[in-house]
Amino acid sequence: MVVVAILAAGKGTRMKSHLPKVLHTLGGRSLVERVITSVEPLSPSRRIVIVGYQSEEVKAAMHSIPNLEFVEQTVQLGTGHAIQQLLPHLEGYTGDLLVLNGDVPLLRLETLQNLWQTHKENENSATILTAYLSNPKGYGRVFCDGDSIVQQMVEEKDCTPKQRENNRVNAGIYCFRWPELAKILPHLEANNAQKEYYLTDAVTQVGKVMAVDVADYQEILGINDRLQLATAYDILQRRIKEKWLLAGVTLVDPTSITIDETVELQPDVIIEPQTHLRGKTVIQSGSRIGPGSLIENSDLGQNVTVLYSVVTDSVVQAGTKIGPYAHLRGHAEVGANCRVGNFVELKNTQLGDRTNVAHLSYLGDTTAGSQVNIGAGTITANYDGVRKHRTKIGDRTKTGSNSVLVAPVTLGDDVYVAAGSTVTEDVPDDSLVIARSRQVVKPGWQKKSAE
Ligand code: UD1
Ligand code: CA
């Protein structure tokens, strides 16, 4: 049985931010959320987050994660002090405690499984995750007897110059037998450079402590400042792109592309340069996205193309061509084999199959049927200054260039709207509507006005 505790009470001074450190995002999810979800497959009996600095914000940011418990550390006197706060909550508990740092977001599940397995197999009192870093700056150093029995842990600020040369570092991830740790915790002292109660001091006072080296040192990167956040992002991006490349996705100039971990791509998708895929986005096979596009929380069907465009919170069906320079947002739904082209914005708008909006249009709160042709410059006036209204357009209807459809308004099937019309009233099926003043031509004008 294992209880997981996540250290997330610190301010993160080195981030130089109003936002608590653990709420900074990495690839679309906060640091602490990443840490929490990474332990889910271990099925911990309890997950306890230790919060302190701006705890209300931190808790609110995690409200959607079920069965989390929060313990307050009202003053942040160090990682040992943070774990001391668990004492009243884990009274009588006899199992293992897995401690994770809320600012170490790249750990792999296999690493945690291996740590816990080693802990149990060797009947250790504590087992800690370590790594050899070519640049160990900022990390606590770990000194072992032989290969893996931990003798001493020294924070960098407390190291002698000689100790600082040791490049085996503490990842900040630990497995403890809780009853043994609980006995030590009340006796921690803060006589060190930072005047803090260190969890690392407790580690070396329990019984047998073993160090387990992480396979890939990049996993244990701790985020203390924005430079490390950027480095972590880089590592994460490389992992994500490697996965999709090997799954049959083409990334043209991968370094110029960013992809959130939450995105799903099918084989034979092509992502062109300077394209960014975010949130819960799904792109089906044969689609070509980019160059220069942003897709966020959207579903794109097979063989869709998107060129220099922005698509957020929207759905696009198979074979549709978006762009260049289109903007779909606010739950736009575009049918199959449509064209949404140059400088077109769709907001909360549904289009049927084989409908085209090719140039310079805004359609907001609009439902249009299939095989509709929206002429260049057609605008739905959906806002009367107070409320938004809907426009409905039937199948096969065609609007002339520069038409304004003033909502609420309904155009039936097979309607023709004359160019330059301002349509304020409903139009029945199979009609031509002309809603503009007639052209007036006055011959000989220049001569007359000179008289
Ligand atoms: C800690 C370790 C160090 C290790 C490094 C790995 C200690 C004393 N040092 O150092 O050996 O190499 O992590 O990344 O543990 N926190 C609290 N309450 C506090 C203080 C901190 O909850 O009173 C939380 C922070 O929010 C953070 C985590 O604990 O998520 C680590 O704290 P931080 O101050 O970043 O420790 P490091 O100096 O990085
Ligand atoms: Ca840290």
Checklist entry - Heavy atoms, side chains only, cut-off 4.5 Å: are T250 and I271 in contact? => result no
Item to check | Heavy-atom closest pair, residues R226 and K16 | outcome: NH2-O, 3.4 Å
Next on the checklist: Applying salt bridge (charged side-chain N to carboxylate O under 4.0 Å, His left out) to K280 and E296, what does each step give before you reach the verdict?
Outcome noted: CA-CA 7 Å; K280 291 195 166 48; E296 186 166 328; over 6 Å; no
Item to check | Sole candidate of K243, R239, R34 that passes side-chain hydrogen bond (donor to acceptor under 3.5 Å, both in side chains) when paired with E261 | outcome: R34
Checklist entry - Could you state the interatomic distance from CZ (R238) to OG1 (T255), rounded to the nearest 0.5 Å? => result 10.5 Å
Item to check | Side chain D426, main chain T410, donor-acceptor under 3.5 Å | outcome: yes
Next on the checklist: I'd like to know if the side chain of D225 reaches the main chain of R14, judged simply by a donor and an acceptor atom lying under 3.5 Å from each other, with no hydrogens or angles considered.
Outcome noted: no
Next on the checklist: If only side-chain N and O atoms count, and only distance matters, is there a donor-acceptor pair under 3.5 Å linking S314 with R329?
Outcome noted: no
Next on the checklist: Just verifying a value: how many Å separate I48 CD1 and R46 CZ, rounded to the nearest 0.5 Å?
Outcome noted: 4.5 Å
Checklist entry - Using a distance-only test with no angle check, is there a side-chain donor-acceptor pair under 3.5 angstrom linking Y53 and E57? => result no
Next on the checklist: Tell me if a side-chain donor or acceptor on S64 pairs with a main-chain N or O of M62 at a distance below 3.5 Å.
Outcome noted: no
Next on the checklist: Distance alone, cut at 3.5 Å: any donor-acceptor contact between the side chains of N114 and T111?
Outcome noted: no
Next on the checklist: Working note: D103 + K21, criterion salt bridge (charged side-chain N to carboxylate O under 4.0 Å, His left out); need CA distance, chi angles, decisive distance, verdict.
Outcome noted: CA-CA 8 Å; D103 65 349; K21 172 165 73 177; 2.8 Å; yes
Item to check | Side chain to side chain, L129 and Y174, heavy atoms closer than 4.5 Å | outcome: no
Item to check | H24 and L19, any side-chain heavy atoms less than 4.5 Å apart | outcome: yes
Item to check | 4.5 Å side-chain heavy-atom contact, D413 and V415 | outcome: no
Checklist outcome for this item: Residues L42 and Q113: closest non-hydrogen pair is CD2-CG, 3.6 Å
Checklist outcome for this item: Rounded to the nearest 0.5 angstrom, the CH2-OG1 distance for W116 and T127 is 12.0 Å
Checklist entry - Which atom pair, heavy atoms only, marks the closest approach of V340 to V334? => result CG2-CG1, 4.1 Å
Item to check | Exercise: do S370 and D353 side chains pair donor with acceptor under 3.5 Å | outcome: no
Checklist entry - Got V142 and V169 here, is their nearest side-chain heavy-atom distance under 4.5 Å? => result no
Checklist entry - Side chains of L300 and V315: does their closest heavy-atom pair fall under 4.5 Å? => result no
Checklist entry - Taking atom types as modelled and ignoring hydrogens, do the side chains of D395 and T397 form a donor-acceptor contact shorter than 3.5 angstrom? => result no
Item to check | side chain to side chain donor-acceptor pair (under 3.5 Å) contacts in which one or both residues fall within residues 374-388, not counting sequence neighbours | outcome: Y362-N382, D365-N382, T378-T399, D384-H389
Next on the checklist: Please check: side-chain N/O of T320 versus main-chain N/O of N337, any donor-acceptor pairing under 3.5 Å?
Outcome noted: yes
Checklist entry - Does the side chain of L251 reach to within under 4.5 Å of the side chain of I259, using non-hydrogen atoms? => result yes
Next on the checklist: Within the structure provided, determine whether I6 and I50 are in side-chain contact (heavy-atom separation under 4.5 Å).
Outcome noted: no
Item to check | Side-chain (R141) to main-chain (R164) donor-acceptor, under 3.5 angstrom | outcome: yes
Next on the checklist: Apply side-chain contact (heavy atoms from CB on, under 4.5 Å) to residues L97 and V2 and explain how you reach the verdict.
Outcome noted: CA-CA 6 Å; L97 178 73; V2 66; over 6 Å; no
